[in-house]
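All remarks here apply to the structure that follows.
For this chain, numbers begin at 1 and follow the sequence in order. Predicted, not measured: the structure shown is a model, and the values here were computed from it.
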Amino acid sequence: MIRINLVSEGRGPRGGGAASAVGGAMTEAAPGDLNNKVLVGIALVGLILAGAYWFLFWSQRNRLENQAVELRAEAQALEKIIREVEQFKQRKADLELRINLINDLKKNQKMPVRVMDRVSQNLPDLLWLTSMRVTGTQVEIEGQALNTAAVAVFVENIKGDPLFAEPNVRRISRQGNTEVYQFQMGFTFFLPQLPEEAEQGEIVEPAA
C-alpha cells in the first residue's frame, strides 16, 4: 500500500515559494534604493552649490557696498576741497582787485602833483598859468603871457617833453588894449614808473 505525506509535500513547495518571493523582492528593491540615494546626493550637492553661490554673491555685494561707501566719502572730501579752492580763488581775485584799486588811487593822487611839477619846469619867462585841470591823462591849461613868442616857446617845451604828447592850442587872444595875451591849450601826459613803484609791481610805461 502506497502512502503520500501531503503535509510535507505541501509545505515544501509553500516554504520554498516564500523564500523565493522574498529574494525576488530584495532583488527588485535594490535598484530603487540606489536611485533614491543618487537623487539625495544630487540634491545635497545642489544645496551646497546654491549655498556657496549665495555666500559668494552676498560677499561680493557687501564688498561693493563698502567700496561705494568709501567712494562716496572720498567724493564728499573732494567736494569740500574743491569748494575751499573756489573760495580761495574768489578771495584771491578780491584781494587783487583791492590791490589794483589802491595802486590806482595812489597813482592818481600823485599824478596831478607830478604833472604840475613837470609843467612848471617847462614854463618860459613872461608866461604864467591861471588854471590847470587834470582828468585821467588829459591836461587842460589856461594862462597868460606878455607876448605870443612866450606862448610859442611854452608849446615847444611841452611838445619836446617825452612825458607829454603834442599840445593842442585852442585859443590865443589879446586881453583888451593891454600887452597881455590869454591862451588855452590841452595835451596828454604819460606818467613814467618811479623806482619805489617798480618795487610795488606797478607798471606805467611812457609812450614811444
Side-chain angles (χ1 to χ4, degrees), residues 68 70-208:
E70 292 176 358
L71 291 175
R72 282 194 293 267
E74 185 177 356
Q76 292 177 356
L78 290 176
E79 288 179 357
K80 182 179 179 181
I81 294 174
I82 291 173
R83 286 195 300 269
E84 292 177 353
V85 171
E86 293 297 331
Q87 293 175 359
F88 171 77
K89 289 181 178 179
Q90 185 62 40
R91 288 196 298 268
K92 181 182 178 182
D94 293 340
L95 290 175
E96 289 178 349
L97 179 60
R98 292 180 183 180
I99 291 173
N100 291 334
L101 290 175
I102 292 173
N103 288 335
D104 290 340
L105 288 174
K106 290 170 61 179
K107 184 171 63 178
N108 291 332
Q109 289 175 353
K110 297 175 182 178
M111 279 183 183
V113 176
R114 295 174 185 173
V115 171
M116 289 181 63
D117 180 66
R118 198 60 179 248
V119 169
S120 65
Q121 296 178 16
N122 291 308
L123 288 176
D125 295 334
L126 306 179
L127 183 146
W128 61 95
L129 302 181
T130 57
S131 69
M132 184 176 72
R133 294 187 301 274
V134 179
T135 305
T137 58
Q138 299 296 319
V139 181
E140 295 291 334
I141 289 178
E142 293 183 4
Q144 296 178 345
L146 296 180
N147 53 53
T148 57
V151 177
V153 172
F154 182 52
V155 170
E156 289 298 323
N157 290 342
I158 296 294
K159 182 179 178 181
D161 195 314
L163 300 184
F164 299 134
E166 183 175 356
N168 179 20
V169 180
R170 298 187 177 88
R171 179 175 61 85
I172 298 179
S173 61
R174 188 172 181 177
Q175 186 176 359
N177 295 325
T178 65
E179 295 296 328
V180 177
Y181 292 85
Q182 293 182 337
F183 67 93
Q184 182 181 7
M185 59 186 290
F187 54 89
T188 302
F189 73 91
F190 308 98
L191 192 63
Q193 182 181 7
L194 297 182
E196 61 271 15
E197 292 176 340
E199 295 178 357
Q200 297 173 358
E202 298 182 3
I203 300 177
V204 182
E205 297 180 355

Notebook entry, point to check: Do V115 and D117 pass the side chain to side chain contact (heavy atoms under 4.5 Å, CB included) test, and can you show the C-alpha distance, the side-chain angles, and the key distance before you say yes or no?
Noted result: CA-CA 5 Å; V115 171; D117 180 66; over 6 Å; no
Residues 171-190 side chain polar contacts: donor-acceptor under 3.5 Å, at least two apart:
{"from": "R171", "atom 1": "NH1", "to": "S173", "atom 2": "OG", "distance (Å)": "3.0"}
{"from": "R174", "atom 1": "NE", "to": "T178", "atom 2": "O", "distance (Å)": "2.6"}
{"from": "R174", "atom 1": "NH2", "to": "T178", "atom 2": "O", "distance (Å)": "3.3"}
{"from": "R174", "atom 1": "NH2", "to": "E179", "atom 2": "OE2", "distance (Å)": "2.7"}
{"from": "Q175", "atom 1": "OE1", "to": "Q144", "atom 2": "NE2", "distance (Å)": "3.4"}
{"from": "T178", "atom 1": "OG1", "to": "Q175", "atom 2": "O", "distance (Å)": "2.5"}
{"from": "T178", "atom 1": "OG1", "to": "V180", "atom 2": "N", "distance (Å)": "3.4"}
{"from": "T188", "atom 1": "OG1", "to": "Q138", "atom 2": "OE1", "distance (Å)": "3.3"}
{"from": "T188", "atom 1": "OG1", "to": "Q138", "atom 2": "NE2", "distance (Å)": "2.9"}

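- Distance CZ/R118 to CG/L123: 13.0 Å, rounded to 0.5 Å.
- In D125, the CG atom is not crowded: 12 or fewer heavy atoms of neighbouring residues, nucleotides or ligands sit closer than 6.0 Å.
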Show me the side-chain donor-acceptor pairs of residues 78-89 shorter than 3.5 Å, one per line, residues at least two apart or across chains.
none

Using distance only, find each side-chain donor-acceptor pair of residues 150-159 under 3.5 Å and give its atom names and separation, not counting sequence neighbours.
{"from": "N157", "atom 1": "ND2", "to": "N122", "atom 2": "O", "distance (Å)": "3.0"}
{"from": "N157", "atom 1": "ND2", "to": "V153", "atom 2": "O", "distance (Å)": "3.4"}

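- Taking the side chain as every heavy atom from C-beta outward, M132 and E140 never approach each other to under 4.5 Å.
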